Amino acid sequence: REAKRYLGVADDLKLSVNAAEVLKKRYLLRDERGDVVETPGEMFGRVADHISKAESKYGGDVESYRSLFLQMMRNLEFLPNSPTLMNSRLELGQLSACFVLPVTDSLPGIFDALKNMALIHQSGGGTGFSFSRLRPKDDVVRATGGVASGPVSFMRIFDTATDVIKQGGRRRGANMGILRVDHPDIMEFIEAKERPGFLENFNLSVAATDEFMEKSRGEGEIDLINPRTGLAGGRLKAAELLGLIATSAWRGGDPGIIFIDRINAAHPLPGEIEATNPCGEQPLLPYESCNLGSINLSRLVRKGELDWDRLAELVSLAVRFLDDVIDMNRFPLPQIEEATLSRRKIGLGVMGFADMLIQMNISYASPQAVALAEKLMGFISEHARAQSARLGEERGSFPLFDSSRLRGWSAMRNATVTTIAPTGTISIIAGTSSGIEPLFALAFVRRVLEGARLLEVSPLFEKMAMERGIYTPDLKVELAWRGSVQEIAGLPQDLKELFRTALDISAQQHVRIQAAFQKYTDNAVSKTVNLPAEATVSDVLQVYRLAYDLGCKGVTVFRYGSRSQVLYLGNGE
Ligand code: ADP
């Protein structure tokens with residue numbers, strides 16, 4: 001088989017070539033000479049062995065959970081986040097994808113955060129920071145009688161350090177930088193990534209308050225507040241500021257917005273959340289970490305129907321797995337260990353939603369897709385909570401349970417249980433559509449890792465077009481060129497409807513799907529609202545408004561062609 005050639009070891013799970021490529025580059029263990037020494041099946045064995053050890057702490061049956069965990073991973077029904085796959089049983093042993101570090105307004109505070117970032121990146125995690133506590137540019141620095149350089153200049157140091165520290169040679173680190181909308185340097189922050197090559201290892205998000213969002217509906221102004229003094233200095237029209245955010249995002253995808261008051265209102269614990277992890281789906285308190293895992297929905301369709309019974313089983317098993325991960329985790333810092341163990345947040349989500357819809361003959365662009373998204377996530381959330389409550393009875397609730405809003409339950413093992421991750425690489429391993437995103441294109445070149453490129457044609461489209469006898473070499477060429485079937489003459493209308501890609505779906509529908517998942521997700525939802533190249537700034541503003549009004553916790557837009565992307569249409573080479 002082709003995959004074996006890539007792997008250099010047996011392809012015991014019959015994975016796709018793309019999956020083999022990714023596993024070989026980053027996941028499978030190697031010997032001192034750099035040769036791959038484990039098969040994909042053995043990798044899952046290593047993870048199952050390691051994670052199931054936690055069961056012994058609570059008198060659980062290690063062997064039977066080992067085999068249940070192994071089965072769901074080998075079946076590609078559930079995968080944990082990359083660090084769990086990479087680092088299980090290794091000395092490093094850091095298993096979480098998401099971290100948030102505090103940045104305080106002093107040189108030691110800033111450089112502590114920088115050092116801690118380096119340690120986390122080295123261990124495979126991604127870091128989020130709020131820079132809102134830093135005094136603005138040109139503010140006084142009493143110690144030196146000088147002036148401050150401001151949040152954006154300090155972010156450059158974090159960016160450069162990220163460049164230098166490769167994560168065990170496997171991937172470069174990722175960061176989220178957040179600034180409150182009422183920080184005096186907000187304008188500089190909004191435009192920071194418009195300069196070519198600047199802050200390339202950062203996603204940026206503006207933390208928008210409810211006050212700001214409400215005032216932006218009309219003529220209202222907000223005060224800009226110096227975090228060092230707490231004093232207002234300057235006012236800005238909210239609508240104009242939102243317009244600037246939209247313009248920058250229209251130009252290059254950054255910044256995103258997070259609705260910070262809503263995030264805090266939904267958070268069941270004391271303490272103020274100021275930041276999220278790099279892709280935005282996991283708001284966390286300072287020093288918290290969280291491990292994620294995703295159920296592959298495309299594996300659960302039988303004869304056009306979702307297998308709800310297996311889904312319920314997988315949810316229970318996955319919550320148990322993710323809770324076990326916390327006990328097996330090696331935390332990079334004592335503060336992180338303390339913050340994480342006292343709340344035990346986990347983030348169970350899904351991938352393969354778009355592939356599932358296609359198999360169920362439901363268009364992503366339809367109201368049925370929105371209704372099903374709600375029903376599905378409601379179901380997952382209910383079963384995940386119930387399992388966390390059972391684990392709470394068996395193993396004890398998370399230590400801060402009594403001070404949380406969850407104390408109405410009799411017990412609860414985890415302060416949060418659900419998150420929708422992007423599943424950027426684990427969805428490639430699982431051979432399915434990423435997270436809750438629609439198909440990006442039906443055929444495309446994927447740029448992975450350091451410059452490698454892979455051509456992919458949607459296997460579902462291939463299969464369906466073959467069944468109908470319309471899959472000709474000409475069609476394949478046209479597909480590779482266009483990426484979408486909408487403009488290809490002579491294709492059946494129902495097929496066109498079913499195979500709408502990210503850019504054939506309205507921005508409003510992208511937001512409605514995100515909101516449907518958010519309704520039943522404790523943490524947040526990773527979703528990109530794709531816009532066509534010809535979309536306007538006012539389209540972006542409408543997306544913001546809709547996302548806010550429908551209860552999303554944040555929103556990220558991406559206008560096609562507006563900056564270098566991970567995914568390219570067939571002709572976007
Ligand atoms: P995966 O598919 O590899 O498990 P996701 O694409 O679902 O990862 O991303 C989940 C989270 O993992 C991100 O929000 C971020 O916190 C972290 N992450 C992703 N990519 C990186 C990276 N290159 N370096 C560090 N952390 C990352």
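Note that this is a predicted model, so its numbers are computed, not measured. Ligands are counted one by one from 1 in listed order, and the atoms in each one are counted from 1 as well. For reference, positions follow the sequence shown, starting with 1.
- Checked against Asn175 for a side-chain hydrogen bond (donor to acceptor under 3.5 Å, both in side chains), the options Asn201, Thr127, Asn203 give a single hit: Thr127.
- Between Tyr65 and Phe321, the distance separating the two ring centers is not shorter than 6.0 angstrom.
- The contact set between ligand 1 and Ile426, taken as ligand atoms under 4.0 Å from a residue heavy atom, comprises 2 (O), 4 (O).
- Proximity annotation for atom 11 (C) of ligand 1: of Met351, Gln282, Glu281, Glu281 comes nearest, heavy atoms only.
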* Asked: Between Thr209 and Asp261, is a side-chain hydrogen bond (donor to acceptor under 3.5 Å, both in side chains) present by the stated rule, with each step listed?
  -> CA-CA 6 Å; Thr209 58; Asp261 292 337; 4.6 Å; no

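- For ligand 1, the atoms lying closer than 4.0 Å to a non-hydrogen atom of Asn81 are 4 (O).
- Looking at Thr425 next to ligand 1, an N or O pair under 3.5 Å apart turns up.
- Polar contact check, Ser427 against ligand 1: no nitrogen or oxygen pair lies under 3.5 Å apart.
- Annotation for ligand 1: atoms under 4.0 Å from non-hydrogen atoms of Arg172 are 22 (C), 23 (N), 24 (N).
- For ligand 1, the atoms sitting less than 4.0 Å from at least one non-hydrogen atom of Gly173 are 24 (N), numbered in the order shown with element in parentheses.
- Annotation: Ala97 places an N or O atom under 3.5 Å from an N or O atom of ligand 1; distance criterion only.
- Checking only distances, Ala421 never comes within under 3.5 Å of ligand 1, N or O to N or O.
- Between the choices Gly124, Ser82, Pro278, the shortest heavy-atom distance to atom 15 (C) of ligand 1 belongs to Pro278.
- Between Lys553 and Glu281 there is no salt bridge, since none of the side-chain N atoms of the basic residue sits less than 4.0 Å from a carboxylate O of the acidic one.
- Proximity to Gly125 (heavy-atom distance under 4.0 Å) selects the following atoms of ligand 1: 25 (C), 26 (N).
- The N/O atoms of Arg26, backbone and side chain alike, include none that comes under 3.5 Å of an N/O atom in ligand 1.
- Taking the centre and axis of the six-membered ring of Phe398, the NZ or CZ atom of Arg413 falls outside the cone set by 45° and 6.0 Å.
- For Glu38, the salt bridge (charged side-chain N to carboxylate O under 4.0 Å, His left out) partners are Arg46, not counting sequence neighbours.
- Remark: ligand 1 and Cys98 share no N or O pair separated by less than 3.5 Å (distance only, no angle test).
- Checked against the 6.0 Å centroid criterion, the rings of Phe129 and Phe131 qualify as a close aromatic pair.
- For the pair Arg299 and Glu77, the salt-bridge criterion is not met [side-chain N within less than 4.0 Å of a carboxylate O].
- With sequence neighbours excluded, the residues satisfying side chain to side chain contact (heavy atoms under 4.5 Å, CB included) with Thr340 are Ser289, Phe331, Ile336.
- Taking only nitrogen or oxygen atoms, main chain and side chain alike, Gly126 reaches within less than 3.5 Å of ligand 1.
- Taking a cutoff of 4.0 Å between a charged side-chain nitrogen and a carboxylate oxygen, Asp327 and Arg344 qualify as a salt bridge.
- Considering backbone and side-chain N/O of Cys279, one or more are found under 3.5 Å from N/O of ligand 1.
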